[in-house]
Amino acid sequence: LAMYESKRAGTHGWKAYDESMTDRRNRDALLAAELEQAGDQLSVLYQPLVDLSTGTAVAVETLLRWHHPTLGPISPAEFVPIAERSGAIDDIGRRVLDQACRQVRAWVDAGADPAFYASVNVSPRQLEDPAFLDDVLGVLERSGLAPRNLVLEITETAIVDQRTAIPVLTALRERGIRIAIDDFGTGYSALHYLTRLPVDVLKIDGSFVAQLNGTRQGAAVTEAIIRLGQILELTTVGEGIETAAQAAELQALGCAIGQGYLFARPATAADLDPMITGRSPGTGTRPAEPGGRHP
Ligand code: C2E
Ligand code: MG
Ligand code: MG
Ligand code: MG
């Protein structure tokens, strides 16, 4: 078939296609191998979630960063799926959770609101791990963080296999840990089983927030998700808020919490310290990460 295709399409087109597939596979394999020894090349940034009516930070989402010594910064949108396939995410995910819990405990101790929470991304593979529940409980115990200070973000793809997901989510919630569905509306068939899922929060994907432009058409999906959240008594969080107009529209539609570059970019714990604890900034704070891209 390849020979036939290359003749028919011309060797050029076929070869270019073939090479880009090979490049992709090579880079994936390289990154998978490099991840095994990434160690402290990996770090975590925190992005505040704010109460849209008061503007105060109520939580932080932890976001992984990988700075490779020769390849430079690599987006989690690229390496997290690779780490899921290789299994490296098990260990990395535990470290992120551990760091998030310790950091939020430190912030609460330093004067943050006692209800301040960490919102931590969990990959489908972690959720399927039979040891996941005990891992999470162990991390909470060691860090001294209360279960109500932790929200786990899962995507719709993670709950496709309901027979595995529902018992784990139920057990986590029985312990007081809350569950958010991340990027809500972008996956498959979440609506189909949403009413049966043990969840607390819907995160409205940034692609829907970006459509807000003051028209009914632009607000259609966002408004429907917020309404759904109200009916099911879930908290809604708007993601990827970049303009004051988007924030105002979300709030007018009944969305409680927002997250996005408008409020703060993902930043180091030290940089966020003053905002979260209310203490004055120390000297030599570094600026938050540059950027403007959405994966
Ligand atoms: P996500 O969980 O949906 O995270 C939100 C993404 O939107 C983050 O991208 C964040 O930096 C970006 N963002 C925040 N505000 C804005 C904004 O106003 N405008 C735009 N354009 N983008 C904004 P990031 O950090 O590159 O992460 C990408 C994805 O990688 C995450 O999407 C999540 O699915 C995954 N990820 C990141 N950290 C982890 C982790 O620790 N574990 C797992 N399993 N996945 C992670
Ligand atoms: Mg997330
Ligand atoms: Mg998201
Ligand atoms: Mg996402």
Side-chain angles (χ1 to χ4, degrees), residues 47-54 56-62 113 115-124 126-128 132-133 136 146-212 216-241 246-260:
Q47 187 181 33
L49 277 66
V50 307
D51 180 326
L52 286 173
S53 59
T54 62
T56 50
V58 296
V60 282
E61 178 175 2
T62 51
D113 189 295
F116 195 86
Y117 62 92
S119 207
V120 179
N121 293 290
V122 170
S123 83
Q126 288 175 278
L127 206 63
E128 280 166 18
F132 184 66
L133 176 65
V136 174
R148 67 163 176 157
N149 297 104
L150 179 63
V151 169
L152 299 178
E153 297 191 7
I154 57 172
T155 55
E156 288 160 287
T157 17
I159 42 191
V160 166
D161 181 8
Q162 296 180 50
R163 274 175 312 171
T164 328
I166 292 184
V168 180
L169 299 180
T170 304
L172 288 161
R173 282 182 89 227
E174 278 166 358
R175 265 73 168 195
I177 297 155
R178 283 168 294 163
I179 310 294
I181 304 188
D182 203 357
D183 307 339
F184 185 74
T186 62
Y188 301 102
S189 71
L191 285 178
H192 167 65
Y193 49 77
L194 184 62
T195 54
R196 278 180 288 138
L197 280 181
V199 299
D200 307 273
V201 179
L202 296 181
K203 296 194 79 176
I204 306 167
D205 193 64
S207 61
F208 302 127
V209 172
Q211 291 170 21
L212 295 174
R216 291 227 63 191
Q217 183 89 0
V221 177
T222 297
E223 190 174 346
I225 296 173
I226 294 169
R227 187 82 192 99
L228 199 56
Q230 287 166 343
I231 294 166
L232 298 174
E233 297 177 357
L234 308 175
T235 303
T236 47
V237 176
E239 286 192 275
I241 303 174
Q246 288 166 352
E249 200 171 339
L250 275 165
Q251 205 203 336
L253 291 169
C255 180
I257 297 173
Q259 178 181 358

Of all residues at least two apart in sequence or in a different chain, which pass the side-chain contact (heavy atoms from CB on, under 4.5 Å) check with E153? E61, S119, N121, A180, D182, K203

Looking at CD of E156 and CG of L194, how far apart are the two atoms once the value is rounded to the nearest 0.5 Å? 8.5 Å

Decide yes or no on side-chain contact (heavy atoms from CB on, under 4.5 Å) for I204 and E239, but give the supporting numbers first. CA-CA 6 Å; I204 306 167; E239 286 192 275; 5.9 Å; no

Show your reasoning for whether side-chain contact (heavy atoms from CB on, under 4.5 Å) applies to T235 and I257. CA-CA 8 Å; T235 303; I257 297 173; 3.9 Å; yes

Here's a test for you: under side-chain contact (heavy atoms from CB on, under 4.5 Å), which of V237, L234, L202 qualifies with F184? L202

Tell me, please, which residues at least two apart from R196 pass salt bridge (charged side-chain N to carboxylate O under 4.0 Å, His left out). none

Any non-hydrogen side-chain atom of S53 less than 4.5 Å from a side-chain atom of Q251? yes

Is there a side-chain contact (heavy atoms from CB on, under 4.5 Å) between L250 and L212? Walk through the geometry before answering. CA-CA 8 Å; L250 275 165; L212 295 174; 3.8 Å; yes

Atom CD in E223, atom CD in Q217: separation rounded to 0.5 Å? 12.0 Å

Those residues that, when tested against A59, pass side-chain contact (heavy atoms from CB on, under 4.5 Å) (two or more places apart): L49, Y117

Contact between T186 and T155 at the side-chain level, heavy atoms closer than 4.5 Å - yes or no? no

Report yes if the side chains of F208 and I225 come closer than 4.5 Å at any heavy-atom pair, otherwise no. yes

Tell me, with the steps shown, if L150 and V136 meet side-chain contact (heavy atoms from CB on, under 4.5 Å). CA-CA 10 Å; L150 179 63; V136 174; 3.9 Å; yes

Sequence neighbours excluded, the answer for side chain to side chain donor-acceptor pair (under 3.5 Å) partners of T56 is T54

With sequence neighbours excluded, tell me which residues meet side chain to side chain donor-acceptor pair (under 3.5 Å) with E174. none

Mind listing the closest non-hydrogen atom pair of L133 and R175 along with its distance? CD2-NH1, 4.0 Å

The reported gap from CG in N149 to CG in D113 (rounded to nearest 0.5 angstrom) is 9.0 Å

Under the rule for side-chain contact (heavy atoms from CB on, under 4.5 Å), what residues qualify as partners of A220, not counting sequence neighbours? none

Please list, chain by chain and in numerical order, all residues satisfying salt bridge (charged side-chain N to carboxylate O under 4.0 Å, His left out) with R173, sequence neighbours excluded. D200

For T164, check side chain to side chain donor-acceptor pair (under 3.5 Å) against everything at least two apart and list the hits. D161

Within the 4.5 Å heavy-atom criterion, are I177 and L152 side-chain neighbours or not? yes

Test side-chain contact (heavy atoms from CB on, under 4.5 Å) applied to V168 - qualifying residues, sequence neighbours left out: L127, F132, L172

State, to 0.1 Å, how close P198 and T170 come at their nearest heavy-atom pair, and which atoms those are. CG-OG1, 3.5 Å

Checking T222 now: which residues fulfil side chain to side chain donor-acceptor pair (under 3.5 Å) with it, not counting sequence neighbours? none

How long is the straight-line distance from CG of L52 back to CD1 of I241, given to the nearest 0.5 Å? 5.0 Å

Under the salt bridge (charged side-chain N to carboxylate O under 4.0 Å, His left out) test, which residues partner E249, sequence neighbours left out? none

Nearest atoms (heavy-atom pairs only) where G254 meets T236: O-OG1, 4.3 Å

If every non-hydrogen atom of C255 is compared with every non-hydrogen atom of G238, which pair is closest and at what distance? SG-N, 3.5 Å

Considering non-hydrogen atoms only, spot the tightest contact between Q246 and G240 and give its length. OE1-O, 4.0 Å

